[in-house]
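To keep things clear, I will list the structure first and then write my remarks on it.
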There are 2 protein chains.
Amino acid sequence: MPASPAKSPSIKEHDPAPKTGASRRRAGRPAAAVLDLAGITAAALRLIGKNGYDGLTMAALARSLHVAPSALYNHVESKRDVLLLVEDHLAALVDVTAFAAEPWESAVRKWAWSYRDVFAEHTPLIPVIAVLPVTDAPQTLAMYETVSAGFRTAGFPAERIVSAIVALESFIFGSAYDVTAPADIFESGRMAESTPSFTGAVRSLAAQGHEKPADEAFSLGLEALIVGFGALRK
Amino acid sequence: MPASPAKSPSIKEHDPAPKTGASRRRAGRPAAAVLDLAGITAAALRLIGKNGYDGLTMAALARSLHVAPSALYNHVESKRDVLLLVEDHLAALVDVTAFAAEPWESAVRKWAWSYRDVFAEHTPLIPVIAVLPVTDAPQTLAMYETVSAGFRTAGFPAERIVSAIVALESFIFGSAYDVTAPADIFESGRMAESTPSFTGAVRSLAAQGHEKPADEAFSLGLEALIVGFGALRK
DNA sequence: ACTACTAAATGAATATCATTCATTTAGTAG
DNA sequence: CTACTAAATGAATGATATTCATTTAGTAGT
């Protein structure tokens, strides 16, 4: 059962500000570059927003940029690289501002909800992020930095910070899938009689009439993690 | 951002024991069926075990069964159905026996570790399971039944059981990915100076010299969830 | 034994993708 | 004006899942 090798990508971008002087290129550069990473990222997001991840094909992406599919490969090594660009863009949308101003508990709470909400709309990225070396995603790394600093300031023992963040993140990724699950996911259907405890539990939850069951589960788990981890602080 | 429609599958199986009498088929059945769902499942698992999920193609699956690819479609509606068969087979491997004999805390602990371990080897199934209606997966449903019954017996309020299980499952799925992450996933590399808190936390964890960092995070999160949820019992 | 019926298997398309590569295009530096 | 080069092109290539008309081969009823 060999897992996918998880190769590190090599997204190709060049000096954005070609400084004069020694660091200048030896030969001339064509200025008329139609494509760049920011443009590719924006186009990919536009496409995903309109047609979902099924709509994100290299051909469609190229078409939306008025370019041949092969042109993309001058800027990106594979489709996975495109997904990485999108992922890192989204990481910047996760709200970490509360770590600067609020107590640890509410900062974690806000961060986690925001993180879940962002990636619930982008679950196809989860398998990519989950095993992605942070080196390859600067904005994601920036998010980790802010969160780590918040944990440190709150009195977390240094050697536990990463594990706590990883655990929270795992919970967040899994919960992001739940958001997209169909409403009837727990209908036991024809097997209802043979599963009385589960069927009863499902009915009992349904009787509560929550609009978003996924939010109940997320809240329940998140608060437990916050209380549990909060006890580690010194 | 339309999520994938999550269509319910229709795996085709027929009366395994053709009872004589009124329920008999009108016309004859060819007995020489080379394929059946159990065989397809076993072959898929064999293939995955040998070459990973990349090796699981309909062509390879058919070849391993000495059959034309199109023959599979007499038994299965799509490749997703094959993945469902595999998933449900794996659900039966998750250890729920502790719910019959041990206190709630240790039963949950054993179940969760077992669940994570099984699916850490099969992360490509996670996006499939996470949004899968339980109706389509009898063994998975059986697992839920045992776990629900354990929660009920332990004094859990009925209306919280499903949410608690979902939260645990979310954490488990996310954690299964971690197991497969590369060891250097947190190397901040060139950006180390700009991320002092995070880099420090990573080093501090590394200094502990744990063999499996993913296990540390899983243990930390799981114990927090167990304590937090345990408090809900009456 | 003959016939009708049917599940299941076949083999040949189809369609959709990502990706590769030899070649062309068009800026720029010296 | 020349040399150089990043970037774009267009035409393959190779996987892949899936469809479909057709064939195969059991079985039940007569």
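Computed from a predicted structure; not experimentally measured. Below, chains carry the letters A, B, ... as their sequence lines are ordered, and counting in each starts from 1.
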- Atom CD of A:Glu77 and atom P of C:dT20 are separated, to the nearest Å, by 8 Å
- Where the side chain of A:Asp178 meets the backbone of B:Ser170, is there a donor-acceptor pair that is under 3.5 Å apart? no
- Watson-Crick or G-U wobble mate for D:dT13, both contacts under 3.5 Å: C:dA18
- Query: For A:Arg80 and C:dT19, what is the distance between atoms CZ and P respectively, to the nearest whole Å?
  - Reply: 11 Å
- Task: Please state whether the phosphate of C:dA9, meaning OP1 or OP2, lies under 4.0 angstrom from any side-chain nitrogen or oxygen of B:His66.
- Result: no
- Message: C:dA7, OP1 or OP2 - any side-chain N/O from B:His75 closer than 4.0 Å?
- Response: no
- Provide, to the nearest angstrom, the distance between the CG atom belonging to A:Asp81 and the C1' atom belonging to C:dT19. 13 Å
- Query: For the pair made of CE in A:Met58 and P in D:dA8, what is the distance, rounded to whole Å?
  - Reply: 13 Å
- Item | For atom CG of B:Asp54 and atom P of D:dA17, their distance in whole Å | 11 Å
- Task: Show your reasoning for whether side chain to side chain donor-acceptor pair (under 3.5 Å) applies to A:Gln139 and A:Tyr144.
- Result: CA-CA 9 Å; A:Gln139 311 262 31; A:Tyr144 287 138; over 6 Å; no
- Atom-pair distance (OH on B:Tyr73; P on C:dA8), nearest Å: 17 Å
- Item | Heavy-atom closest contact (B:Ala137 atom, B:Glu87 atom, distance) | CB-OE1, 3.8 Å
- Task: Please tell me which of the listed nucleotides, C:dT10, D:dG10, D:dT18, lies nearest to the side chain of B:Ser78?
- Result: D:dT18
- How close or far is atom P of C:dG11 from atom CZ of B:Arg63, stated in whole angstroms? 14 Å
- Item | Any strand: nucleotide that pairs with C:dG30 via Watson-Crick or wobble, under 3.5 Å | D:dC1
- Sort out the partner of D:dA7 for me: Watson-Crick or G-U wobble, both distances under 3.5 Å, none otherwise. C:dT24
- Measure distances between side-chain N and O atoms of B:Asn74 and base N and O atoms of C:dA9, and say whether any donor-acceptor pair falls under 3.5 Å. yes
- Taking the six-membered ring for Trp, are B:Phe173 and B:Tyr177 ring centroids under 6.0 Å apart? no
- Query: For the side chain of A:Lys79, counting heavy atoms from C-beta on, which of C:dA12, C:dT19, D:dG10 is nearest?
  - Reply: C:dT19
- Task: For A:Leu56 and C:dT16, give me the distance from atom CG to atom P, rounded to whole Å.
- Result: 17 Å
- Message: Is it the case that the side chain of B:Ser219 and the backbone of B:Asp215 share a donor-acceptor pair, with hydrogens and angles ignored and the cut-off at 3.5 Å?
- Response: no
- Query: Of the candidate nucleotides C:dA9, D:dA17, C:dT19, which contains the atom at the shortest distance from the side chain of B:Thr57?
  - Reply: D:dA17
